[in-house]
2 protein chains.
Amino acid sequence: MQLVEDHCAKTGQDCAHGRTACADCKVRLHSICAALEQDELHALEALSHPTRYGARATLFSQDEPADSVFNVTEGMVRLYKLLPDGRRQIVGFALPGDFLGLALMDRFGVSAEAVGDVSVCRFQRKGFAAYIDTKPHLLRRLHEFAGHELSLAQDQMVLLGRRSAEERVASFLVGLRERLARIGQKSVTLALPMSRQDIADFLGLTIETVSRTMTRLARDKAILIVPDGVRLLRPEHLEAIAAR
Amino acid sequence: MQLVEDHCAKTGQDCAHGRTACADCKVRLHSICAALEQDELHALEALSHPTRYGARATLFSQDEPADSVFNVTEGMVRLYKLLPDGRRQIVGFALPGDFLGLALMDRFGVSAEAVGDVSVCRFQRKGFAAYIDTKPHLLRRLHEFAGHELSLAQDQMVLLGRRSAEERVASFLVGLRERLARIGQKSVTLALPMSRQDIADFLGLTIETVSRTMTRLARDKAILIVPDGVRLLRPEHLEAIAAR
DNA sequence: CGCGCCATTGACTCTGGTCAACGCTAGTGG
DNA sequence: CCACTAGCGTTGACCAGAGTCAATGGCGCG
């Protein structure tokens with residue numbers, strides 16, 4: 001962990017000293033790192049700056065030069081775009097294993113904020129890009145991730161363009177459960193660390209409509225609203241509403 | 001062009017015999033092919049199946065195995081997703097230079113139809129993927145394209161989630177003009193080969209709302225509606241409405 | 001000439017937005 | 001320990017932007 005501490009000292013970031021090494025990383029197999037051999041993992045680890053962010057901290061902002069890219073290891077990140085008048089559209093919630101900045105472009109196209117406490121592996125973009133150029137299969141992996149992101153984005157376009165409020169909320173809950181299940185957090189009780197406003201800005205609705213719709217789903221015994229989350233009582237019913 | 005003819009015979013596709021070679025390709029510099037050296041271009045050309053599609057022809061359908069990938073060289077392609085009940089969301093219009101199937105996934109996530117007559121370079125996905133594995137800079141180029149696609153998708157999410165009908169239409173017109181300008185078709189008169197229904201399904205509106213909104217913009221002298229297109233009389237006004 | 005398709009326009013409806021009140025909980029300070 | 005406050009979520013009443021339904025117009029094609 002020598003290098004990690006060096007990085008922390010150099011960058012002045014709030015690093016996670018004593019963090020487990022990549023070899024023990026809980027999300028490695030769900031992240032781009034799954035494409036790496038033992039020695040490559042070490043090489044990448046040498047480039048990584050493990051970093052923690054408190055709730056509501058900004059990881060980066062739209063249009064700002066993209067000096068870093070990030071591998072989320074813990075927590076949830078909201079990705080959003082703002083219109084000049086302040087309207088906000090959340091384009092996604094990043095979960096452990098997700099990669100931020102995978103377009104590798106000069107500037108960030110979105111802003112990113114920690115929802116709750118968040119841990120990431122941060123990389124200098126230039127160094128990361130240089131490393132990638134020596135490891136085509138890592139670029140291939142990154143490209144797979146981009147393809148997956150694009151697919152999620154297209155699903156979200158359908159949701160925003162063509163679905164009713166109830167369909168949006170049901171689809172959101174079912175979709176989040178699926179994503180959590182894929183990274184090993186299977187559960188009928190879904191934690192919703194983000195605010196109602198976040199959900200509304202993700203679904204293209206208002207906070208009131210989200211609230212009313214969840215209340216209606218709860219009244220119909222499809223979900224049970226619990227503190228900071230919901231229990232999916234009839235997931236199959238939600239899937240039917242979501243119509244996927 | 002021997003190979004092309006062989007391919008045509010083998011596949012039974014409606015190929016463009018006598019098509020210009022890649023070296024003369026008008027959209028090469030706007031396509032992934034711009035990343036290629038002379039010899040690489042020849043190698044890729046050997047893998048390509050130049051193909052033409054008539055208006056409303058299907059290039060591929062959602063969930064179908066992705067045997068081919070495509071480089072659009074001429075015309076416009078609509079990319080869409082359908083909900084089980086028939087609601088449609090168009091997730092994009094592909095223009096010359098655009099690449100279809102860049103996720104390189106096993107199955108297509110969207111359906112693709114020719115709007116008018118369309119020419120493409122088609123590739124067997126497996127052969128294309130194999131070639132790419134030998135040319136990391138081509139994968140890099142493909143990844144850049146994916147990043148750009150993702151960025152467009154995120155802009156569209158903002159449009160669908162947070163913009164009014166008038167903003168959507170103005171944004172659509174301005175955005176299409178920009179894309180055409182980037183591939184060398186600068187003009188204040190914008191061809192709209194797609195139907196009103198297509199525009200509506202792209203913007204998350206109904207055909208009536210698109211029609212009314214365009215009529216209002218025309219009444220305000222911001223645009224002039226001409227057969228199969230519009231003339232942008234006050235592009236700066238449209239940009240102001242689009243609020244970008 | 002007549003048919004069919006697409007676009008436009010009008011009248012009316014309705015889903016979801018707006019505005020406002022209220023309640024619950026956590027944090028603060030007396 | 002409890003009053004007070006701030007922030008978030010819920011609920012209600014009302015409103016408006018976009019959808020629905022229907023009629024009409026224009027154009028291309030047989």
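Residue numbers start from 1 in every chain, and the chains themselves are labelled A, B, ... in the order their sequence lines are given, proteins ahead of strands. Computed from a predicted structure; not experimentally measured.
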Check the pair A:Phe202, A:Arg78 against side-chain contact (heavy atoms from CB on, under 4.5 Å), reporting the backbone distance first and the verdict last. CA-CA 9 Å; A:Phe202 182 54; A:Arg78 63 177 155 256; over 6 Å; no
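Atom CG of B:Asp201 is separated from atom P of D:dG19 by 11 Å (rounded to the nearest Å).
Summarising the geometry, atom CZ belonging to B:Arg122 is positioned 9.5 Å from atom CG belonging to B:Leu59; distances are rounded to the nearest 0.5 Å. Note that CD of B:Gln154 is 11.0 Å distant from CD of A:Gln156, once rounded to the nearest 0.5 Å. Separating the CD atom in B:Glu166 from the OG1 atom in B:Thr209 is a distance of 12.5 Å, to the nearest 0.5 Å. From B:Phe60, atom CZ reaches atom CZ of B:Phe108 across 4.5 Å, with rounding to the nearest 0.5 Å.
The side-chain heavy atoms of B:Asp67 and B:Arg125, taken from C-beta on, include no pair separated by under 4.5 Å. B:Arg52 is not listed as a side-chain neighbour of B:Thr73, based on a closest heavy-atom distance of 4.5 Å or more.
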How would you summarise protein contacts on nucleotides 3-17 of chain C per nucleotide, using B for base, S for sugar-phosphate only and - for none, with heavy-atom distances below 4.0 Å? ----SBBBB----SS
Going 5' to 3' along nucleotides 24-30 of chain D, which nucleotides have protein heavy atoms under 4.0 Å from the base (write B), which only from the sugar-phosphate (write S), and which from neither (write -)? -------
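Remark: side-chain polar atoms of A:Thr51 are not paired, donor with acceptor, to backbone N or O of A:Val120 under 3.5 angstrom. A side-chain donor-acceptor contact under 3.5 Å links B:Arg87 to the backbone of A:Arg162.
Using a 4.0 Å cut-off on heavy atoms, none of the residues of residues 74-95 of chain B approach DNA chain D.
Other residues, nucleotides and ligands contribute at most 12 non-hydrogen atoms within 6.0 Å of the CG atom of B:Asp228.
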